[in-house]
Amino acid sequence: MIWLIAKKDFLLNLISVRFIIGFFLCLIIIPFTMIVSVNDFENQMRIYKIDQENADNHFKNISVYSALRPTVVKKPEVLSILSKGISQNMGNKTTVRLQEYPLFLSGHTTTRDNPLLNAFFSLDFSTVIAIVISLLALVFSYDSLTREREDGTMKLVMTNPLSRISFLIGKLSGLLLTLLPILIFCYLLACLIIVINPNISLTAPDWTGIGLLFLTSIVYMLVFVLLGTFISSLTSHSSSSIILCLLCWIGFLFIIPNMSTYLSQSISRTPLYDNVQAVINDYNKKYNEQVWPMLETKVKEFGGKFVNHWNLNTGYDGYVEMSGGKLEVAKGHQAVKQWSEPYRIDMADKIWVIQKDYLDKLIQQQKVQQYLSWLSPSELFGQATDKLCRTDAEAFMQYMETQRRYREIMIRYFVDNKLFSDFRYFTRQPEADFPTEKELEDHDAGRGGRGYPDDWRVSEYPLIN
């Protein structure tokens, strides 16, 4: 009897106008959404390859160790085609420096070639599924019981030896048999668009993620089917049922997500990053105020009269590269670097305490928003899809933690190889090639001292390996 009820409802829904409209709605929206998402992913991959090539070229052409700033470019997640998550708000690369812990990704975000069009970004596949499938589930289930009452068929059915539970299971089975082909069609169409693209390849874990995403969509669809059936059981007329279903749909998909975001910002406030940046600037100012006076002191300790350079390039993040000049100045830089670089690492540890506190408050606010949004099935579905597609906040936090561990590896490399006290840290010239101040004076006075030839170039020395 259960099968007969399910079959009857399935056949009636199959020839209904709402089934045809729902099917063609998916036929129009899904291809458009997927084509746009695939195009955005290809643009991200193109930018990734360009940034990766630039990072590799920069890495291969580093002349001194103080210029070593490895740039790690994050490869786009292929499943972001289905669910963008927070990936569209994050950058795509990290520059690892001694003086700071990597906090967030920087660089390119998901933008179009024309930034004026970014306000009109299309929805991703999972968002479309969340909107369309929930709406169709309510449209098909809102009158599942009220229609039986209005037509008088429920009394007729109940005259048979059939329990209420069996009758309800039959109605729910008929609804699932109606909606499942539409959901399967959406996923097959999406996968087909991905597979036929020669620039995109899916691995076994990616297919597993898509399979789990499909199962999650079935559960999500069942929730709204049960909701519609429940409302239908409480109302006497289909008109009342459809109004209540639409109010619930609007509340779950639009009101609760926005309210949870607003309430999370009110309940768990986060400080401005400008305050953190002000502390960082104070540390950098203190560092710079000590470096150059110390250089003058060290040069005099080594017998130099004053600090001068033939060629000197510096950066705010500890980069120093000199060429030419005298040995006393070079040794002054060597002595300063032995102090300044461990100092900058220690300074980064102190700054990280403040940054970590700021990051923890951001995460706490995000968690509050996440918990509040659990009142909405659509938000639960969105969080599940983001996690399966590896585009959720937790995935990005884990990625940034690997970058911080990579920084520690780089620091150990510097320390283990004693590079802070190496001339290669700030110059391409070997120590033996630097004349002393007296040799330069003798050379300039024509007394046979050692100087540099007129055609001397720093490019004559090799880059660091």
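Given the structure is predicted, the values throughout are model-derived calculations rather than measurements. Residues take their numbers from the sequence shown, with the count starting at 1.
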Tested for salt bridge (Lys or Arg N to Asp or Glu O under 4.0 Å) against E77, the lone hit among K387, K84, R390 is R390

Mark yes when over 12 heavy atoms from residues, nucleotides or ligands other than [X] sit less than 6.0 Å from its [atom1]; otherwise mark no.
X	atom1	result
I165	CD1	no
Y273	OH	yes
Y262	OH	no
F59	CZ	no
H237	NE2	no

Aromatic centroids of Y283 and Y287 separated by under 6.0 Å: no

Decide if the gap between the ring center of Y65 and the ring center of F420 is smaller than 6.0 angstrom. no

Would you indicate whether the side-chain heavy atoms of [Y] and [X] approach each other to under 4.5 Å?
X	Y	value
P70	Y406	yes
Q290	W339	yes
D386	I86	no
Y413	L419	yes
Y358	K361	no
L175	K171	no
F381	V223	no
I243	L247	yes

Drop me the distance from [X]'s [atom1] to [Y]'s [atom2], to the nearest 0.5 angstrom.
X	Y	atom1	atom2	value
T178	L14	OG1	CG	7.0 Å
S126	I81	OG	CD1	12.5 Å
F214	L388	CZ	CG	14.0 Å
L179	I218	CG	CD1	11.0 Å
I169	L176	CD1	CG	11.5 Å
L189	I184	CG	CD1	13.5 Å

Taking it one step at a time, do E408 and R405 satisfy salt bridge (charged side-chain N to carboxylate O under 4.0 Å, His left out)? CA-CA 5 Å; E408 295 300 321; R405 289 197 296 267; over 6 Å; no

For the pair D317 and R97, evaluate salt bridge (charged side-chain N to carboxylate O under 4.0 Å, His left out) and give the outcome as yes or no after the intermediate values. CA-CA 8 Å; D317 55 356; R97 295 183 173 90; 3.1 Å; yes

How close do [X] and [Y] get, heavy atom to heavy atom, and via which atoms?
X	Y	value
S141	S232	O-CB, 3.8 Å
Q365	S268	NE2-O, 2.7 Å
M34	A190	CE-O, 3.7 Å
Y319	R69	N-NH2, 3.5 Å
P31	C26	CD-O, 3.6 Å
C245	G228	SG-CA, 4.0 Å

Using atom types as modelled and distance alone, determine if a side-chain donor or acceptor of [X] lies under 3.5 Å from a backbone N or O of [Y].
X	Y	answer
S241	T235	no
S106	K93	yes
S378	F252	yes
S376	S373	no
D206	T203	yes
D422	R424	yes
S240	S236	no
D51	V73	no
D346	P342	no
S66	Y425	yes

Answer yes or no for K286 and Y343: cation-pi contact, defined as NZ/CZ to six-membered ring centre under 6.0 Å and angle to ring axis within 45°. no

Both conditions, 6.0 Å and 45 degrees, for the charged tip of K337 above the ring of F426: are they met here? no

Between [X] and [Y], is any side-chain donor less than 3.5 angstrom from a side-chain acceptor?
X	Y	value
D360	Q364	no
D56	Q52	yes
S260	E379	no
Y187	S217	yes

Between F23 and F19, how do the two ring planes meet: parallel, tilted or perpendicular, split at 30° and 60°? parallel

Step-by-step side-chain contact (heavy atoms from CB on, under 4.5 Å) determination, L103 to M400: CA-CA 7 Å; L103 186 62; M400 292 310 301; 5.9 Å; no

Under the side-chain contact (heavy atoms from CB on, under 4.5 Å) rule, what do L79 and T391 come out as? Steps first, then yes or no, please. CA-CA 8 Å; L79 291 185; T391 57; over 6 Å; no

side-chain contact (heavy atoms from CB on, under 4.5 Å) for T314 and W292? Distances and angles first, verdict last. CA-CA 12 Å; T314 61; W292 292 107; 4.2 Å; yes

Only one of E100, Q355, K285 clears side-chain contact (heavy atoms from CB on, under 4.5 Å) with I280; which? Q355

Can we say R404 and E401 salt-bridge, meaning some charged N sits less than 4.0 Å from an Asp/Glu carboxylate O? yes

Indicate every side-chain donor-acceptor pair of residues 128-139 with a distance under 3.5 Å to a residue at least two apart or in another chain.
from, atom 1, to, atom 2, distance (Å)
S134, OG, A130, O, 2.5
S134, OG, I131, O, 2.9
S134, OG, W249, NE1, 2.9

May I have the step-by-step check of side-chain contact (heavy atoms from CB on, under 4.5 Å) for L463 and I62, ending in yes or no? CA-CA 6 Å; L463 299 171; I62 293 175; over 6 Å; no

